[in-house]
Amino acid sequence: MIPLLSVVVPVYNVEPYIAECLRSLAAQTLDDLEVILVDDGSQDGSGRVAEEFAAQDDRFVVIKQPNHGPGPARNEGVKHARGTYLAFADGDDVVPPRAYERLVARLTETGSDLACGAVRRLVDGGLEESILHEKVFRRPELCTHITDKQVLIRDRTVWNKVYRRDFWERHGLRFPAGIYEDVPVAMQAHVLATSVDMVGEVVYHWRKRDEGATSITQRRNELPNLWERLTAIRAVRAFLDERAPELLDGFDALVLEKDIVFLFQALEACEDDPGPLLELSRAWVAELGANVLATAPSLRRLELHLLGRGLVAELRKIREFRRAREDHARIVPRGLRNTNWYGDYPFFRNRRLRIPDDVYDARDELKLIARVEGSVWAGGELRIRGHVSLHRVDRKVGKVNLWLSDGHRRIPLEARRAGRHGVVAAVDSARLAGGGPTWRLGVRTETRGFVLKGWFRDGEAGSTWRFSVPGWSRSGMDIAQ
(Lines give C-alpha, C1' and ligand atoms only; values in the text may rest on other atoms or scores of the structure.)
Protein backbone atom coordinates (compact mmCIF):
# COMPACT_ATOMS: atom_id res chain seq x y z
CA MET A 1 0.00 0.00 0.00
CA ILE A 2 1.24 3.49 -0.85
CA PRO A 3 1.33 5.62 2.33
CA LEU A 4 -0.38 8.98 2.49
CA LEU A 5 2.63 10.72 4.04
CA SER A 6 6.39 10.15 3.91
CA VAL A 7 8.48 11.59 6.75
CA VAL A 8 12.25 11.84 6.16
CA VAL A 9 14.47 11.92 9.25
CA PRO A 10 18.25 12.42 8.94
CA VAL A 11 19.98 10.70 11.86
CA TYR A 12 23.45 11.67 13.07
CA ASN A 13 24.76 11.37 16.63
CA VAL A 14 21.44 12.04 18.38
CA GLU A 15 21.34 8.98 20.64
CA PRO A 16 20.02 10.84 23.75
CA TYR A 17 17.03 12.18 21.81
CA ILE A 18 16.14 9.94 18.89
CA ALA A 19 13.89 7.53 20.78
CA GLU A 20 11.63 10.41 21.87
CA CYS A 21 11.53 11.69 18.29
CA LEU A 22 10.59 8.29 16.87
CA ARG A 23 7.94 7.70 19.53
CA SER A 24 6.35 11.04 18.60
CA LEU A 25 6.22 9.99 14.94
CA ALA A 26 4.76 6.58 15.77
CA ALA A 27 2.06 8.27 17.88
CA GLN A 28 0.79 10.54 15.10
CA THR A 29 -2.99 10.54 14.76
CA LEU A 30 -2.39 10.38 11.02
CA ASP A 31 -1.07 6.82 11.06
CA ASP A 32 -1.03 6.24 7.28
CA LEU A 33 2.62 7.20 7.00
CA GLU A 34 6.10 5.88 6.38
CA VAL A 35 9.16 7.15 8.25
CA ILE A 36 12.43 7.01 6.33
CA LEU A 37 15.37 7.14 8.75
CA VAL A 38 18.64 8.02 7.00
CA ASP A 39 21.57 7.03 9.23
CA ASP A 40 24.16 9.54 8.06
CA GLY A 41 27.20 7.68 9.38
CA SER A 42 26.35 8.09 13.07
CA GLN A 43 29.25 7.39 15.42
CA ASP A 44 27.12 6.85 18.52
CA GLY A 45 24.20 4.51 19.15
CA SER A 46 21.70 6.46 17.04
CA GLY A 47 21.72 3.96 14.20
CA ARG A 48 21.13 1.04 16.58
CA VAL A 49 18.13 2.81 18.17
CA ALA A 50 16.70 3.52 14.70
CA GLU A 51 17.07 -0.13 13.63
CA GLU A 52 15.47 -1.40 16.84
CA PHE A 53 12.51 0.91 16.27
CA ALA A 54 12.15 -0.16 12.64
CA ALA A 55 12.15 -3.81 13.72
CA GLN A 56 9.10 -3.13 15.91
CA ASP A 57 7.10 -0.90 13.51
CA ASP A 58 6.99 -1.76 9.81
CA ARG A 59 6.14 1.85 8.93
CA PHE A 60 9.77 2.72 9.75
CA VAL A 61 12.69 1.94 7.46
CA VAL A 62 16.42 2.62 7.93
CA ILE A 63 18.79 3.64 5.14
CA LYS A 64 22.53 3.80 5.86
CA GLN A 65 25.13 6.00 4.17
CA PRO A 66 28.53 7.53 4.98
CA ASN A 67 28.39 10.92 6.64
CA HIS A 68 27.53 13.64 4.08
CA GLY A 69 25.56 16.07 6.24
CA PRO A 70 21.86 16.70 6.79
CA GLY A 71 21.14 18.04 3.30
CA PRO A 72 22.37 15.03 1.32
CA ALA A 73 20.78 12.73 3.94
CA ARG A 74 17.40 14.36 3.35
CA ASN A 75 17.87 14.12 -0.42
CA GLU A 76 18.56 10.39 -0.07
CA GLY A 77 15.43 9.97 2.00
CA VAL A 78 13.30 11.79 -0.59
CA LYS A 79 14.48 9.31 -3.25
CA HIS A 80 12.81 6.53 -1.28
CA ALA A 81 9.63 8.46 -0.40
CA ARG A 82 6.39 6.98 -1.78
CA GLY A 83 3.75 9.10 -0.06
CA THR A 84 1.40 11.62 -1.62
CA TYR A 85 2.74 14.14 0.90
CA LEU A 86 6.24 14.76 2.18
CA ALA A 87 7.53 16.00 5.55
CA PHE A 88 10.87 16.32 7.33
CA ALA A 89 11.83 15.98 10.99
CA ASP A 90 15.19 16.09 12.74
CA GLY A 91 16.22 13.22 14.97
CA ASP A 92 16.54 15.34 18.11
CA ASP A 93 13.14 17.07 17.82
CA VAL A 94 9.55 16.09 18.63
CA VAL A 95 6.38 16.25 16.51
CA PRO A 96 3.09 16.86 18.43
CA PRO A 97 0.54 14.04 17.99
CA ARG A 98 -1.96 15.81 15.70
CA ALA A 99 0.58 17.84 13.69
CA TYR A 100 0.56 15.85 10.44
CA GLU A 101 -3.18 15.21 10.61
CA ARG A 102 -3.81 18.96 10.75
CA LEU A 103 -1.34 19.86 8.01
CA VAL A 104 -2.47 17.14 5.59
CA ALA A 105 -6.13 17.97 6.26
CA ARG A 106 -5.56 21.55 5.16
CA LEU A 107 -3.81 20.46 1.95
CA THR A 108 -6.59 17.98 1.18
CA GLU A 109 -9.16 20.72 1.70
CA THR A 110 -7.46 23.48 -0.32
CA GLY A 111 -5.19 21.84 -2.88
CA SER A 112 -2.29 24.07 -1.81
CA ASP A 113 1.29 22.94 -2.42
CA LEU A 114 2.45 23.17 1.18
CA ALA A 115 1.08 23.72 4.68
CA CYS A 116 3.03 25.16 7.59
CA GLY A 117 2.44 25.77 11.28
CA ALA A 118 3.76 27.24 14.50
CA VAL A 119 6.88 26.06 16.34
CA ARG A 120 7.87 25.89 20.01
CA ARG A 121 11.36 25.42 21.43
CA LEU A 122 11.84 22.36 23.60
CA VAL A 123 14.05 23.57 26.47
CA ASP A 124 14.82 21.48 29.57
CA GLY A 125 11.64 19.49 29.08
CA GLY A 126 9.43 22.58 28.74
CA LEU A 127 8.15 24.53 25.76
CA GLU A 128 9.04 28.13 24.94
CA GLU A 129 8.28 30.44 22.03
CA SER A 130 10.51 30.00 19.00
CA ILE A 131 12.04 33.44 18.49
CA LEU A 132 12.83 32.47 14.90
CA HIS A 133 9.13 31.97 14.14
CA GLU A 134 7.65 34.75 16.25
CA LYS A 135 4.96 36.88 14.60
CA VAL A 136 4.36 34.36 11.80
CA PHE A 137 1.49 32.10 12.86
CA ARG A 138 -0.65 34.39 14.98
CA ARG A 139 -3.75 33.51 12.97
CA PRO A 140 -4.47 30.78 10.40
CA GLU A 141 -4.87 31.61 6.74
CA LEU A 142 -5.53 29.28 3.84
CA CYS A 143 -4.54 29.60 0.16
CA THR A 144 -2.13 32.47 0.67
CA HIS A 145 1.39 33.12 -0.66
CA ILE A 146 4.61 34.61 0.62
CA THR A 147 4.31 37.55 -1.80
CA ASP A 148 0.94 38.41 -0.25
CA LYS A 149 1.73 37.35 3.32
CA GLN A 150 5.28 38.62 3.58
CA VAL A 151 5.60 37.65 7.24
CA LEU A 152 6.29 34.17 5.80
CA ILE A 153 9.79 35.42 4.98
CA ARG A 154 10.41 34.55 8.65
CA ASP A 155 9.37 30.93 8.08
CA ARG A 156 12.76 29.59 7.04
CA THR A 157 12.66 25.99 8.29
CA VAL A 158 11.55 22.87 6.42
CA TRP A 159 10.39 20.70 9.30
CA ASN A 160 7.26 22.62 10.37
CA LYS A 161 5.63 21.83 7.03
CA VAL A 162 4.01 19.20 4.85
CA TYR A 163 4.57 19.39 1.08
CA ARG A 164 2.85 17.74 -1.85
CA ARG A 165 5.47 15.31 -3.11
CA ASP A 166 4.60 16.00 -6.76
CA PHE A 167 5.19 19.73 -6.09
CA TRP A 168 8.58 18.92 -4.58
CA GLU A 169 9.59 16.71 -7.49
CA ARG A 170 8.13 18.97 -10.20
CA HIS A 171 10.38 21.83 -9.10
CA GLY A 172 13.40 19.61 -8.49
CA LEU A 173 13.86 20.84 -4.93
CA ARG A 174 17.09 19.56 -3.38
CA PHE A 175 19.03 20.37 -0.25
CA PRO A 176 22.56 21.70 -0.76
CA ALA A 177 25.46 20.38 1.27
CA GLY A 178 26.49 22.51 4.21
CA ILE A 179 25.17 23.56 7.57
CA TYR A 180 22.21 25.81 6.76
CA GLU A 181 20.83 23.62 4.01
CA ASP A 182 17.18 24.12 4.90
CA VAL A 183 17.00 27.93 4.59
CA PRO A 184 17.39 28.15 0.77
CA VAL A 185 14.99 25.24 0.22
CA ALA A 186 12.34 26.64 2.57
CA MET A 187 12.40 30.00 0.76
CA GLN A 188 12.35 28.38 -2.68
CA ALA A 189 9.32 26.27 -1.73
CA HIS A 190 7.42 29.29 -0.43
CA VAL A 191 8.03 31.28 -3.62
CA LEU A 192 7.45 28.41 -6.06
CA ALA A 193 4.22 27.26 -4.39
CA THR A 194 0.97 28.22 -6.09
CA SER A 195 -0.61 28.66 -2.66
CA VAL A 196 0.27 27.96 0.97
CA ASP A 197 -1.84 27.06 4.01
CA MET A 198 -0.95 28.49 7.43
CA VAL A 199 -2.36 26.64 10.42
CA GLY A 200 -2.54 28.32 13.80
CA GLU A 201 -1.60 25.28 15.89
CA VAL A 202 1.90 24.27 17.00
CA VAL A 203 3.13 21.49 14.71
CA TYR A 204 6.77 21.09 15.75
CA HIS A 205 8.88 21.09 18.93
CA TRP A 206 12.42 22.22 18.08
CA ARG A 207 14.90 21.08 20.70
CA LYS A 208 17.58 23.21 22.26
CA ARG A 209 20.11 20.61 23.28
CA ASP A 210 21.03 20.45 26.94
CA GLU A 211 23.46 17.54 26.98
CA GLY A 212 25.89 15.66 24.81
CA ALA A 213 27.54 17.05 21.70
CA THR A 214 26.45 20.55 20.76
CA SER A 215 24.34 20.69 17.62
CA ILE A 216 25.46 22.44 14.46
CA THR A 217 23.13 25.38 14.95
CA GLN A 218 24.36 25.83 18.50
CA ARG A 219 27.97 26.12 17.25
CA ARG A 220 26.78 29.07 15.19
CA ASN A 221 29.41 31.52 16.47
CA GLU A 222 32.33 29.53 15.01
CA LEU A 223 33.98 31.13 11.97
CA PRO A 224 33.40 28.23 9.50
CA ASN A 225 29.77 28.06 10.64
CA LEU A 226 29.33 31.80 10.04
CA TRP A 227 30.76 31.49 6.53
CA GLU A 228 28.27 28.66 5.86
CA ARG A 229 25.45 30.91 7.05
CA LEU A 230 26.61 33.65 4.67
CA THR A 231 26.63 31.09 1.84
CA ALA A 232 22.99 30.26 2.60
CA ILE A 233 22.08 33.95 2.73
CA ARG A 234 23.70 34.54 -0.64
CA ALA A 235 21.83 31.57 -2.15
CA VAL A 236 18.49 32.88 -0.90
CA ARG A 237 19.18 36.43 -2.09
CA ALA A 238 20.20 35.21 -5.56
CA PHE A 239 16.98 33.18 -5.84
CA LEU A 240 14.77 36.02 -4.59
CA ASP A 241 16.48 38.53 -6.88
CA GLU A 242 15.50 36.37 -9.84
CA ARG A 243 12.07 35.09 -8.78
CA ALA A 244 10.61 37.48 -6.17
CA PRO A 245 12.64 40.71 -5.85
CA GLU A 246 9.82 42.32 -3.84
CA LEU A 247 10.84 40.04 -0.96
CA LEU A 248 14.49 41.09 -0.82
CA ASP A 249 14.03 43.97 1.62
CA GLY A 250 12.05 41.77 3.98
CA PHE A 251 14.66 39.02 3.85
CA ASP A 252 17.52 41.49 4.37
CA ALA A 253 15.70 43.03 7.32
CA LEU A 254 15.35 39.59 8.88
CA VAL A 255 19.05 38.85 8.37
CA LEU A 256 19.84 42.18 10.01
CA GLU A 257 17.50 41.41 12.89
CA LYS A 258 18.37 37.76 13.56
CA ASP A 259 21.39 36.35 11.73
CA ILE A 260 23.86 39.16 12.21
CA VAL A 261 23.58 38.74 15.98
CA PHE A 262 25.77 35.64 15.65
CA LEU A 263 28.54 37.79 14.16
CA PHE A 264 28.31 40.15 17.10
CA GLN A 265 28.39 37.26 19.55
CA ALA A 266 31.44 35.80 17.84
CA LEU A 267 33.27 39.13 18.08
CA GLU A 268 32.34 39.44 21.74
CA ALA A 269 33.76 35.99 22.49
CA CYS A 270 36.84 36.35 20.27
CA GLU A 271 40.09 36.20 22.24
CA ASP A 272 42.42 36.10 19.23
CA ASP A 273 42.95 38.43 16.27
CA PRO A 274 39.45 39.62 15.25
CA GLY A 275 40.67 40.27 11.69
CA PRO A 276 39.07 37.18 10.07
CA LEU A 277 35.75 37.89 11.77
CA LEU A 278 35.83 41.52 10.69
CA GLU A 279 36.57 40.42 7.11
CA LEU A 280 33.56 38.10 7.26
CA SER A 281 31.44 40.89 8.75
CA ARG A 282 32.24 43.25 5.88
CA ALA A 283 31.35 40.55 3.35
CA TRP A 284 28.12 39.89 5.21
CA VAL A 285 27.01 43.52 5.39
CA ALA A 286 27.97 44.05 1.74
CA GLU A 287 25.30 41.49 0.77
CA LEU A 288 22.46 43.53 2.26
CA GLY A 289 20.47 46.23 0.49
CA ALA A 290 21.36 49.86 1.20
CA ASN A 291 17.75 50.76 1.99
CA VAL A 292 17.50 48.13 4.72
CA LEU A 293 20.81 49.19 6.24
CA ALA A 294 19.75 52.85 6.26
CA THR A 295 16.37 52.17 7.85
CA ALA A 296 17.55 49.71 10.50
CA PRO A 297 16.70 50.61 14.13
CA SER A 298 19.11 53.14 15.60
CA LEU A 299 20.77 50.75 18.06
CA ARG A 300 21.43 48.26 15.25
CA ARG A 301 22.81 51.08 13.05
CA LEU A 302 25.21 51.98 15.86
CA GLU A 303 26.38 48.37 16.08
CA LEU A 304 26.88 48.25 12.32
CA HIS A 305 28.78 51.55 12.35
CA LEU A 306 31.19 50.26 14.98
CA LEU A 307 31.48 46.95 13.14
CA GLY A 308 32.34 48.70 9.88
CA ARG A 309 35.09 50.70 11.57
CA GLY A 310 36.49 47.64 13.32
CA LEU A 311 35.87 49.14 16.77
CA VAL A 312 35.48 45.81 18.55
CA ALA A 313 35.90 47.09 22.12
CA GLU A 314 33.23 49.74 21.59
CA LEU A 315 30.95 47.19 19.91
CA ARG A 316 31.25 44.94 22.95
CA LYS A 317 30.23 47.83 25.19
CA ILE A 318 27.15 48.51 23.05
CA ARG A 319 26.24 44.82 23.12
CA GLU A 320 26.43 44.88 26.92
CA PHE A 321 24.26 48.02 26.91
CA ARG A 322 21.68 46.29 24.69
CA ARG A 323 21.43 43.23 26.92
CA ALA A 324 21.08 45.35 30.03
CA ARG A 325 18.64 47.92 28.68
CA GLU A 326 17.12 46.71 25.42
CA ASP A 327 13.55 47.12 26.66
CA HIS A 328 14.32 50.41 28.40
CA ALA A 329 16.78 52.20 26.11
CA ARG A 330 15.40 55.72 25.90
CA ILE A 331 14.79 58.05 23.01
CA VAL A 332 15.51 61.66 23.93
CA PRO A 333 14.92 65.04 22.22
CA ARG A 334 17.95 67.23 21.58
CA GLY A 335 17.96 70.80 20.32
CA LEU A 336 15.70 73.74 21.12
CA ARG A 337 14.71 75.37 17.84
CA ASN A 338 15.25 72.31 15.65
CA THR A 339 14.48 69.32 17.83
CA ASN A 340 15.45 65.85 16.74
CA TRP A 341 15.05 62.57 18.60
CA TYR A 342 18.02 60.28 19.25
CA GLY A 343 18.66 56.95 20.92
CA ASP A 344 20.16 57.55 24.35
CA TYR A 345 23.10 55.21 23.80
CA PRO A 346 26.81 55.36 24.70
CA PHE A 347 29.30 57.37 22.59
CA PHE A 348 26.80 59.98 21.40
CA ARG A 349 28.89 62.99 20.28
CA ASN A 350 32.01 61.37 21.67
CA ARG A 351 34.89 63.58 20.55
CA ARG A 352 37.26 60.68 20.02
CA LEU A 353 34.91 58.49 17.97
CA ARG A 354 33.03 61.23 16.11
CA ILE A 355 30.06 59.04 15.24
CA PRO A 356 27.59 60.97 13.03
CA ASP A 357 24.39 62.04 14.75
CA ASP A 358 22.25 60.35 12.13
CA VAL A 359 23.48 56.95 13.34
CA TYR A 360 21.53 57.64 16.56
CA ASP A 361 18.47 59.15 14.83
CA ALA A 362 15.42 57.39 16.31
CA ARG A 363 12.57 59.61 15.14
CA ASP A 364 11.08 56.78 13.07
CA GLU A 365 11.06 54.55 16.16
CA LEU A 366 8.77 56.81 18.20
CA LYS A 367 5.46 55.07 18.84
CA LEU A 368 2.28 56.35 20.42
CA ILE A 369 0.86 54.36 23.32
CA ALA A 370 -2.82 55.15 23.85
CA ARG A 371 -5.09 52.83 25.77
CA VAL A 372 -8.46 53.11 27.46
CA GLU A 373 -8.21 51.95 31.05
CA GLY A 374 -11.88 52.42 31.95
CA SER A 375 -15.18 53.76 30.66
CA VAL A 376 -18.63 54.05 32.19
CA TRP A 377 -22.04 55.44 31.32
CA ALA A 378 -23.20 57.82 34.08
CA GLY A 379 -26.67 59.07 33.33
CA GLY A 380 -26.55 60.31 29.76
CA GLU A 381 -22.78 60.77 29.73
CA LEU A 382 -19.93 58.46 28.75
CA ARG A 383 -16.84 59.00 30.91
CA ILE A 384 -13.51 57.70 29.62
CA ARG A 385 -10.22 57.25 31.46
CA GLY A 386 -7.09 56.57 29.42
CA HIS A 387 -3.30 56.54 29.18
CA VAL A 388 -1.23 58.44 26.60
CA SER A 389 2.57 58.24 26.31
CA LEU A 390 5.41 57.76 23.84
CA HIS A 391 7.17 54.39 23.85
CA ARG A 392 10.76 54.68 25.17
CA VAL A 393 10.33 58.42 25.92
CA ASP A 394 10.68 59.24 29.62
CA ARG A 395 8.69 62.46 29.65
CA LYS A 396 5.14 63.70 29.65
CA VAL A 397 3.44 64.01 26.27
CA GLY A 398 2.86 67.64 25.23
CA LYS A 399 -0.49 68.56 23.67
CA VAL A 400 -3.24 65.94 23.55
CA ASN A 401 -6.38 66.18 21.38
CA LEU A 402 -9.13 63.56 21.50
CA TRP A 403 -12.12 62.83 19.29
CA LEU A 404 -14.75 60.18 18.75
CA SER A 405 -15.45 58.75 15.29
CA ASP A 406 -18.07 56.37 13.95
CA GLY A 407 -16.36 56.27 10.56
CA HIS A 408 -18.39 59.19 9.21
CA ARG A 409 -18.65 61.79 11.94
CA ARG A 410 -15.90 63.22 14.11
CA ILE A 411 -16.78 64.66 17.54
CA PRO A 412 -14.01 66.61 19.33
CA LEU A 413 -13.67 65.98 23.08
CA GLU A 414 -12.21 68.11 25.82
CA ALA A 415 -9.31 66.16 27.32
CA ARG A 416 -8.21 66.77 30.90
CA ARG A 417 -4.80 65.59 32.09
CA ALA A 418 -4.69 63.32 35.14
CA GLY A 419 -1.18 62.67 36.38
CA ARG A 420 1.83 62.18 34.14
CA HIS A 421 0.25 60.03 31.44
CA GLY A 422 -3.45 59.96 32.33
CA VAL A 423 -6.25 61.61 30.38
CA VAL A 424 -9.97 61.80 31.11
CA ALA A 425 -12.81 62.91 28.87
CA ALA A 426 -16.59 62.80 28.77
CA VAL A 427 -19.22 63.04 26.05
CA ASP A 428 -22.93 63.72 26.37
CA SER A 429 -25.08 61.14 24.59
CA ALA A 430 -26.93 63.93 22.79
CA ARG A 431 -23.79 64.65 20.79
CA LEU A 432 -23.84 61.07 19.46
CA ALA A 433 -27.41 61.30 18.17
CA GLY A 434 -27.72 60.47 14.49
CA GLY A 435 -24.37 58.66 14.48
CA GLY A 436 -23.52 55.00 14.18
CA PRO A 437 -23.88 52.38 16.87
CA THR A 438 -20.10 51.93 17.33
CA TRP A 439 -17.44 54.57 17.97
CA ARG A 440 -13.66 54.71 18.27
CA LEU A 441 -11.52 57.13 20.28
CA GLY A 442 -8.82 58.96 18.31
CA VAL A 443 -5.84 60.87 19.64
CA ARG A 444 -3.32 63.40 18.33
CA THR A 445 -0.23 64.30 20.36
CA GLU A 446 2.45 66.93 19.88
CA THR A 447 5.69 66.83 21.86
CA ARG A 448 8.57 69.18 21.06
CA GLY A 449 7.14 69.67 17.57
CA PHE A 450 6.73 65.96 16.89
CA VAL A 451 3.17 64.89 16.01
CA LEU A 452 1.68 61.40 16.27
CA LYS A 453 -1.89 60.23 15.66
CA GLY A 454 -3.66 56.97 16.36
CA TRP A 455 -6.57 55.10 17.92
CA PHE A 456 -6.86 54.14 21.54
CA ARG A 457 -6.36 50.44 22.31
CA ASP A 458 -8.45 48.36 24.66
CA GLY A 459 -6.37 48.26 27.86
CA GLU A 460 -3.45 45.87 27.50
CA ALA A 461 -5.11 44.12 24.54
CA GLY A 462 -3.90 44.86 21.05
CA SER A 463 -7.32 45.54 19.58
CA THR A 464 -8.73 49.01 18.91
CA TRP A 465 -11.06 50.19 21.67
CA ARG A 466 -14.68 50.62 20.62
CA PHE A 467 -17.90 51.29 22.45
CA SER A 468 -21.47 50.70 21.42
CA VAL A 469 -24.25 53.16 22.17
CA PRO A 470 -26.92 51.62 24.43
CA GLY A 471 -30.39 51.61 22.91
CA TRP A 472 -29.13 52.65 19.47
CA SER A 473 -31.57 52.31 16.60
CA ARG A 474 -31.73 53.67 13.11
CA SER A 475 -34.26 56.23 14.23
CA GLY A 476 -32.34 57.41 17.32
CA MET A 477 -31.11 56.48 20.79
CA ASP A 478 -32.85 55.81 24.03
CA ILE A 479 -30.22 55.70 26.77
CA ALA A 480 -31.58 54.63 30.17
CA GLN A 481 -31.30 57.41 32.73
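All values derive from a computational prediction rather than experimental measurement. All heavy atoms count here, side chains included; hydrogens, waters and symmetry mates do not.
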Between the main-chain N or O of [Y] and the side-chain N or O of [X], is there a donor-acceptor pair closer than 3.5 Å?
X    : Y    : answer
H145 : H190 : yes
S46  : V14  : yes
H171 : L173 : no
R363 : F450 : no
N75  : F175 : yes
R138 : G200 : no
E181 : P176 : no
D92  : Y17  : no
D44  : E15  : yes
S42  : D39  : no

[X] with [Y]: basic N within carboxylate O range, under 4.0 Å:
X    : Y    : value
R59  : D57  : yes
E129 : R120 : no
K258 : E134 : yes
K208 : E128 : no
E320 : R323 : no
R300 : E303 : yes
E257 : R154 : yes
R74  : D90  : yes
R371 : D458 : no
R229 : E222 : no
D357 : R349 : yes
E101 : R98  : yes
R165 : E169 : yes

Report the C-alpha separation of V35 and V61 in whole Å, then their side-chain angles, then the decisive distance to 0.1 Å, and conclude whether the side chain to side chain contact (heavy atoms under 4.5 Å, CB included) test is met. CA-CA 6 Å; V35 181; V61 61; over 6 Å; no
For [X] and [Y], does a side-chain donor sit closer than 3.5 Å to a side-chain acceptor?
X    : Y    : value
R334 : N340 : no
N225 : Y180 : yes
Y204 : D93  : yes
D40  : Q65  : yes
H305 : R301 : no
S298 : Y345 : yes
H133 : T157 : yes
H387 : S389 : yes
S112 : D197 : yes
S6   : E34  : yes

When rounded to the nearest 0.5 angstrom, what is the spacing between [atom1] in [X] and [atom2] in [Y]?
X    : Y    : atom1 : atom2 : result
D113 : D166 : CG    : CG    : 7.5 Å
L254 : I153 : CG    : CD1   : 7.5 Å
L25  : E20  : CG    : CD    : 11.0 Å
L366 : I331 : CG    : CD1   : 4.5 Å
L142 : S195 : CG    : OG    : 9.0 Å
R164 : Y85  : CZ    : OH    : 4.0 Å

Please find the pair of heavy atoms, one from [X] and one from [Y], that lie closest to each other, and give the distance.
X    : Y    : value
S130 : V119 : CB-O, 3.6 Å
A266 : L277 : O-CD1, 3.7 Å
A118 : F137 : CA-CD1, 3.6 Å
L452 : L368 : CD1-N, 3.8 Å
L103 : G117 : CD2-N, 4.2 Å
A370 : V443 : CB-CG1, 3.9 Å

Report the C-alpha separation of K64 and E76 in whole Å, then their side-chain angles, then the decisive distance to 0.1 Å, and conclude whether the side chain to side chain contact (heavy atoms under 4.5 Å, CB included) test is met. CA-CA 10 Å; K64 290 182 173 290; E76 184 64 25; over 6 Å; no
[X], [atom1]: over 12 other non-hydrogen atoms inside 6.0 angstrom:
X    : atom1 : value
E279 : CD    : no
R448 : CZ    : yes
N350 : CG    : yes

Heavy-atom distance under 4.5 Å between the side chains of [X] and [Y], does that happen here?
X    : Y    : answer
F347 : Y360 : yes
R237 : D252 : yes
L4   : L33  : no
V162 : L114 : no

Ring of F264, cation from R319 - is the NZ or CZ under 6.0 Å from the centre and inside 45° of the axis?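 So R319 doesn't make the cation-pi contact.
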Can you check side chain to side chain contact (heavy atoms under 4.5 Å, CB included) on E141 and K149, steps first, answer last? CA-CA 9 Å; E141 186 162 346; K149 196 80 172 177; 2.9 Å; yes
Decide yes or no on side chain to side chain donor-acceptor pair (under 3.5 Å) for R457 and T464, but give the supporting numbers first. CA-CA 4 Å; R457 300 292 175 177; T464 301; 3.1 Å; yes
Could you walk me through whether F60 and V7 pass the side chain to side chain contact (heavy atoms under 4.5 Å, CB included) check? CA-CA 9 Å; F60 289 68; V7 184; over 6 Å; no
Which label fits [X] and [Y]: parallel for a plane angle under 30°, tilted from 30 to 60°, or perpendicular past 60°?
X    : Y    : result
F88  : Y163 : perpendicular
Y342 : F348 : tilted
W206 : W159 : tilted

